Chemist: 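Once you've had a glance at the structure underneath, I'll fire off some questions.
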Amino acid sequence: MILYIAEKPSLGRAIADVLPKPHKKGDGFIEAANGDCVSWCVGHLLEQAEPDAYNPEFKSWKFEHLPIVPDKWQLKPKAATRSQLTVLKRLVKQANMLVNAGDPDREGQLLVDEVIAYLGVRGDKLHQTQRLLISDLNPQAVKRALTQLRSNREFIPLSTSALARSRADWLYGMNMTRAYTIQGKKVGYQGVLSVGRVQTPLLGLVVRRDEEIANFQSKPFYEVLAHLATEKQEAFSAKWQPSEACQPYMDEEGRVLARGLAQNVVSRISDKPALVTQLVAKDKKQNPPLPYSLSALQIDAAKRFGMSAKDVLDTCQSLYERHKLITYPRSDSRYLPVEQHSLAPSVLKAISGGAAELLQGADAPDPRLKSKAWDDKKVDAHHAIVPTEKTANLSSLSQRERQLYLHVARQYLAQFYPAYCYSETTVQVTIEGGLFNTKARQDKSLGWKQLFARQEPNGSKASGNKSTEESAGKDDEENDEENDEFIGQLPPLKLGQALHCTRGELLEKNTQPPKAFTDATLLGAMTGISRYVTDPEIRKILKETDGLGTEATRAGIIELLFKRGFLQRLGKSIVSTDVGKGLINSLPASATTPDMTALWEASLNGICHKETSYQAFMQPLLGTLSTLIQNAGAQLPTALNGLKGQGYRKTAGNKSGYRKSYSKKSSSAKGIGTTKNDGSNNYGSKNTSSKSSVTRSTSRSASNSRKSTTAV
């Protein structure tokens with residue numbers, strides 16, 4: 001008997017649907033006509049033991065206990081799902097072969113592996129375990145996946161990486177949270193001060209932005225426009241480019257601060273001859289925007305529909321699991337496997353049948369075209385989010401489901417259109433020795449842009465909006481600056497052409513503070529976190545990794561900071577609370593910046609690719625953790641003086657005041673067997689020996705926060 005162990009019931013049912021019928025449905029499993037069975041986890045069936053499982057004294061929070069570092073990691077069944085673990089225990093014993101059908105990512109791999117290890121699977125049965133990777137729950141896609149089983153042993157590094165991250169996150173989050181909560185009480189703060197490797201740098205990002213806004217002092221600056229006319233009285237404008245001689249009157253961003261200087265330029269150029277001294281016209285093209293990753297979709301949906309990251313994730317899960325209209329949504333990839341291009345005709349047929357409105361006024365998509373999205377080298381555990389071959393019934397979807405399905409479908413359609421072609425003209429005009437520049441763009445062939453030419457906030461089309469590719473991941477202020485570069489149209493011009501400056505115009509502006517974060521810009525900051533790092537080596541690492549957090553965890557981390565009272569919403573803005581500010585200003589800089597995450601992610605990716613080992617990642621952590629705890633005990637968090645305690649409080653039955661977040665809500669710390677120094681796992685034992693460590697940074701990773709973000 002083959003036993004397929006899915007990550008959740010919906011995936012289990014999708015697998016069972018393509019197995020021989022009739023089926024026999026049992027309690028927690030489905031048996032096919034050929035005797036094979038499908039069962040499932042319900043998220044994590046196991047959780048990491050709490051500190052008092054290692055020593056009863058740890059139930060009470062005392063500084064002298066810290067840092068708490070288990071000698072042997074312990075897992076225990078979650079009370080709410082203990083019965084399902086019992087079902088799996090019986091079926092695993094009966095099975096001749098096991099198939100890991102966890103979600104196609106690092107956490108999905110670990111989630112099933114830890115159950116297999118906990119149930120004591122060893123020897124040939126363990127070695128012969130297979131891996132089933134499913135990203136589309138429609139029957140034809142599941143059937144294809146069943147013909148492409150791989151050895152589960154190929155994915156040991158993936159599981160080991162998730163294990164390392166979850167254990168280190170537990171160590172960092174639990175110890176740092178206890179340390180600062182204990183110290184906080186000494187200055188009168190009665191709440192729990194949660195600290196985590198991902199959540200705290202994210203909070204730090206918001207706090208620093210808020211402080212920058214609060215301390216901002218606006219100052220005036222000046223620009224000069226030259227209003228020009230050709231011999232035929234065709235008018236356009238160009239902007240003054242201050243010369244090097246003006247540097248003493250400018251700020252570091254090149255803005256003129258002296259009104260008299262700008263006014264002098266206005267006087268000098270008004271009613272004076274001008275000359276076209278540089279004219280560059282280039283034909284350019286822009287390829288279709290890539291299909292969506294989860295973060296790219298969350299950013300775009302926040303801008304267009306005002307949806308939070310959690311709203312987008314929950315809606316996508318519904319489109320994936322319930323409606324089977326999109327592929328696996330927790331994806332960090334914007335690329336597709338080359339073999340999937342063969343599905344294009346059937347997917348395009350489904351879109352045109354169920355969402356014909358996307359094609360109104362546009363040419364028909366050409367399934368023979370293959371955009372840069374199809375690239376096997378850029379596809380790992382999962383691929384971009386795209387529509388399935390199932391035709392949608394839009395009337396059966398909620399408004400949000402409809403909006404996101406149309407968004408995903410439009411992005412996929414774009415892959416089957418030619419590039420957008422345009423002409424870009426840059427003009428330099430000289431007036432009285434001064435230089436003035438202007439730019440214009442003229443469409444030549446809309447290509448894929450015809451799909452985006454009209455797009456309303458509700459998901460239908462309207463005029464004037466920028467394409468997803470142009471806006472996703474950029475701050476609103478970046479888009480504003482980009483728009484300012486271009487004017488609508490230029491008259492026909494030639495190099496050396498004489499013009500007349502009818503008048504100069506002085507524009508007085510004021511420097512603006514940075515904008516408060518919104519859902520879209522905070523997600524954009526998490527995915528592009530390297531922009532907020534000064535160290536070039538750290539910045540390089542963050543550019544090469546997924547940024548701050550993972551696709552599956554970012555929404556949960558943001559929501560967690562709200563629940564803990566560290567963030568709040570003011571309209572569309574996301575700002576820090578007094579407690580959030582107090583916590584960040586009480587912590588060492590290393591805990592509030594993303595540098596630590598960069599170093600972790602570089603090592604964890606190294607484990608995935610067999611370039612480093614579990615021990616090489618874990619061993620340096622313990623020394624760093626000890627130093628951080630010592631530093632926490634050496635000074636009081638005075639920034640929290642006078643704050644009574646927002647955020648989450650003591651829970652009933654938990655005298656220590658420590659909400660059982662690192663266990664009951666936690667999906668981390670999975671002891672899936674002893675971890676060897678070479679980074680491979682011996683999945684034979686229930687506990688893992690490890691004199692553990694925590695590295696030059698430690699914390700409770702977002703990796704597992706996909707099921708829970710308690711300490712991230």
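Since the model is a prediction, treat every value here as computed from it, not as a measurement.
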Chemist: Main chain of L11, side chain of E321: is a donor-acceptor contact present, judged purely on distance under 3.5 Å?
Modeler: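 No; zero donor-acceptor contacts below 3.5 Å.
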Chemist: Consider only side-chain N and O atoms of T527 and S295, and report whether a donor and an acceptor are under 3.5 Å apart.
Modeler: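 T527 vs S295: no donor-acceptor pair found between side chains.
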Chemist: Would you check if R554 and L523 make a side-chain contact, meaning some heavy-atom pair closer than 4.5 Å?
Modeler: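 The answer is yes; the side chains approach within 4.5 Å.
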Chemist: Apply the test side-chain contact (heavy atoms from CB on, under 4.5 Å) to residues L394 and L406: give CA-CA distance (whole Å), side-chain angles for both, the deciding distance (0.1 Å), then the verdict.
Modeler: CA-CA 9 Å; L394 296 182; L406 291 175; 4.1 Å; yes
Chemist: Indicate yes or no: at least one non-hydrogen side-chain atom of L205 is less than 4.5 angstrom from one of M526.
Modeler: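 Answer no - side chains too far apart.
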Chemist: Report, as yes or no, whether the 6.0 Å neighbourhood of atom CD on E611 holds more than 12 heavy atoms from other residues, nucleotides or ligands.
Modeler: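 Atom CD in E611 is packed in, count exceeds 12.
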Chemist: Using a distance-only test with no angle check, is there a side-chain donor-acceptor pair under 3.5 angstrom linking N152 and Q109?
Modeler: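 Yes - a donor-acceptor pair under 3.5 Å links their side chains.
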Chemist: For L369, is there any backbone N or O sitting under 3.5 Å from a side-chain donor or acceptor partner on H341?
Modeler: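 At least one qualifying donor-acceptor pair exists.
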Chemist: Among L561, L560, V575, exactly one meets side chain to side chain contact (heavy atoms under 4.5 Å, CB included) together with L567. Which residue is that?
Modeler: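 Answer after filtering L561, L560, V575: L561.
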Chemist: Considering only heavy atoms from C-beta outward, does the side chain of K449 approach that of Q286 to under 4.5 Å?
Modeler: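 The answer is yes; the side chains approach within 4.5 Å.
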Chemist: Heavy atoms, side chains only, cut-off 4.5 Å: are L319 and P329 in contact?
Modeler: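 A side-chain contact under 4.5 Å is absent here.
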Chemist: Which atoms form the tightest heavy-atom contact between Y292 and D300, and what is the distance?
Modeler: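 Between these two residues, the closest heavy atoms are OH-OD2, 2.8 Å.
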Chemist: What is the ring orientation for F452 with W448, classed by angle as parallel under 30°, tilted 30 to 60°, or perpendicular over 60°?
Modeler: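 If you compare the ring of F452 with that of W448, the planes turn out perpendicular.
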Chemist: Checking the side chain of N138 only, and the main-chain atoms of K324 only, is there a donor and an acceptor separated by less than 3.5 Å?
Modeler: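 Indeed, once roles are kept as given, a pair shorter than 3.5 Å links the two residues.
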Chemist: To the nearest 0.5 Å, tell me how far L225 CG sits from L507 CG.
Modeler: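 Spacing of CG (L225) from CG (L507) equals 4.5 Å.
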Chemist: Could you grab the distance from atom CG of L297 to atom CD1 of I326, nearest 0.5 Å is fine?
Modeler: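 Answer for the CG-CD1 pair, L297 versus I326, is 7.5 Å.
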Chemist: What pairs of residues pass the salt bridge (Lys or Arg N to Asp or Glu O under 4.0 Å) test when at least one of them lies in residues 387-399, not counting sequence neighbours?
Modeler: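 Only R144-E389 qualify under salt bridge (Lys or Arg N to Asp or Glu O under 4.0 Å).
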Chemist: Please determine whether a side-chain nitrogen of the Lys or Arg among R330 and D105 lies less than 4.0 Å from a carboxylate oxygen of the Asp or Glu.
Modeler: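 No.
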Chemist: Strictly below 4.0 Å, N to O, side chains only: are K284 and E424 in salt-bridge contact?
Modeler: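 Yes.
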Chemist: Over all heavy atoms of both residues, which pair between L493 and T230 is shortest? Give the atoms and the distance, please.
Modeler: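 Residues L493 and T230, closest heavy atoms: CD2-CG2, 4.1 Å.
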Chemist: Is the shortest distance from a Lys or Arg side-chain nitrogen in D103 or K8 to a carboxylate oxygen in the other one below 4.0 Å?
Modeler: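 Salt bridge: yes.
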Chemist: Please test T511 against R255 for side-chain hydrogen bond (donor to acceptor under 3.5 Å, both in side chains), starting from the C-alpha separation and ending with a verdict.
Modeler: CA-CA 9 Å; T511 56; R255 294 176 294 212; 5.4 Å; no
Chemist: With rounding to the nearest 0.5 angstrom, report the CD to CE distance, Q399 to M307.
Modeler: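 It is 9.0 Å, given to the nearest 0.5 Å.
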Chemist: List the atom of L359, the atom of S352, and the distance in Å for their closest heavy-atom pair.
Modeler: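 Shortest heavy-atom separation between L359 and S352 comes out as CD1-CB, 3.8 Å.
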Chemist: Are H323 and Y405 close enough that their ring centres sit under 6.0 Å apart?
Modeler: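 Judged by ring-centre distance (under 6.0 Å), H323 and Y405 do not meet the cut-off.
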Chemist: Measuring from atom CH2 of W240 to atom CG of N437, what distance do you get when rounded to the nearest 0.5 angstrom?
Modeler: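 Rounded to the nearest 0.5 Å, the CH2-CG separation comes to 13.0 Å.
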Chemist: Hey, is the main chain of P367 close enough, under 3.5 Å, to the side chain of Q415 for a donor-acceptor pair?
Modeler: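 No.
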Chemist: Any side-chain heavy atom of P201 sitting closer than 4.5 Å to one from T593?
Modeler: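 No, every pair of side-chain atoms sits at 4.5 Å or beyond.
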Chemist: With side-chain contact (heavy atoms from CB on, under 4.5 Å) as the test, would you mind laying out the steps for Q428 and Q241 before giving the verdict?
Modeler: CA-CA 10 Å; Q428 183 185 86; Q241 307 299 303; over 6 Å; no
Chemist: In terms of relative ring orientation, are W374 and Y412 parallel, tilted or perpendicular, with 30° and 60° separating the classes?
Modeler: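 Because their plane-to-plane angle is over 60°, the rings of W374 and Y412 count as perpendicular.
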Chemist: For side-chain contact (heavy atoms from CB on, under 4.5 Å), just list the numbers for S308 and E559, CA-CA rounded to whole Å, side-chain angles, deciding distance to a tenth of an Å, and then say yes or no.
Modeler: CA-CA 9 Å; S308 71; E559 291 299 316; 4.2 Å; yes
Chemist: Quick one: does T327's side chain have a donor or acceptor within less than 3.5 Å of a partner on V386's backbone?
Modeler: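 Yes, T327 side chain to V386 backbone: donor-acceptor pair under 3.5 Å.
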Chemist: State, yes or no, whether a side-chain contact exists between V429 and L275 at a heavy-atom distance under 4.5 Å.
Modeler: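 They are not in contact (no side-chain heavy atoms under 4.5 Å apart), so the answer is no.
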Chemist: Measuring only between side-chain heavy atoms, which start at C-beta, is Q450 closer than 4.5 Å to D363?
Modeler: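 Yes, side chains in contact.
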Chemist: Give me the one residue out of K310, K303, R304, R569 that meets salt bridge (Lys or Arg N to Asp or Glu O under 4.0 Å) with D519.
Modeler: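 Looking at K310, K303, R304, R569, the match for D519 under the salt bridge (Lys or Arg N to Asp or Glu O under 4.0 Å) is R569.
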Chemist: Ignoring hydrogens, what is the shortest heavy-atom contact between T391 and A350? Give both atom names and the distance.
Modeler: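 Between these two residues, the closest heavy atoms are OG1-CA, 3.6 Å.
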Chemist: To the nearest 0.5 Å, what is the distance between CD on Q199 and CD1 on I557?
Modeler: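 If we round to the nearest 0.5 Å, Q199:CD and I557:CD1 are 8.0 Å apart.
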Chemist: If I compare all heavy atoms of T612 with all of S603, which pair ends up nearest, and what's the gap?
Modeler: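 Closest approach of T612 to S603: CG2-O, 3.2 Å.
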Chemist: So L158 and C608, do their side chains get closer than 4.5 Å, heavy atoms only?
Modeler: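 Sidechains of L158 and C608: in contact.
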Chemist: Between S237 and H227, is a side-chain hydrogen bond (donor to acceptor under 3.5 Å, both in side chains) present by the stated rule, with each step listed?
Modeler: CA-CA 5 Å; S237 300; H227 295 284; 3.0 Å; yes
Chemist: Using a 3.5 Å distance criterion without hydrogens, assess whether the side chain of S331 forms a donor-acceptor pair with backbone atoms of H383.
Modeler: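 A pair under 3.5 Å: yes.
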Chemist: Looking only at atom types and distance, does a side-chain atom of R402 sit under 3.5 Å from a main-chain N or O of S395, one as donor and one as acceptor?
Modeler: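 No; judged by distance alone, with no hydrogens or angles, the pair does not exist.
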Chemist: Enter the distance from S293:OG to Y335:OH here, rounded to the nearest 0.5 Å.
Modeler: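 Atom-to-atom, S293:OG and Y335:OH are 10.5 Å apart.
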Chemist: Do S161 and R106 get their side chains close enough for a donor-acceptor pair, meaning under 3.5 Å?
Modeler: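 Yes, a side-chain donor-acceptor pair sits under 3.5 Å.
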Chemist: V347 and T388: side-chain contact (heavy atoms from CB on, under 4.5 Å), yes or no, with the steps?
Modeler: CA-CA 6 Å; V347 176; T388 64; over 6 Å; no
Chemist: Quick one: does any side-chain atom of R131 pair with a main-chain N or O of G102 as donor and acceptor, under 3.5 Å?
Modeler: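 Looks like yes, one N/O pair under 3.5 Å.
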Chemist: Return the minimal non-hydrogen interatomic distance between T521 and A516, and the atom names on each side.
Modeler: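 Here T521 and A516 meet closest at OG1-O, 4.3 Å.
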Chemist: Hey, does the side chain of D251 reach the backbone of E253 with a donor-acceptor pair shorter than 3.5 angstrom?
Modeler: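 Yes; judged by distance alone, with no hydrogens or angles, the pair exists.
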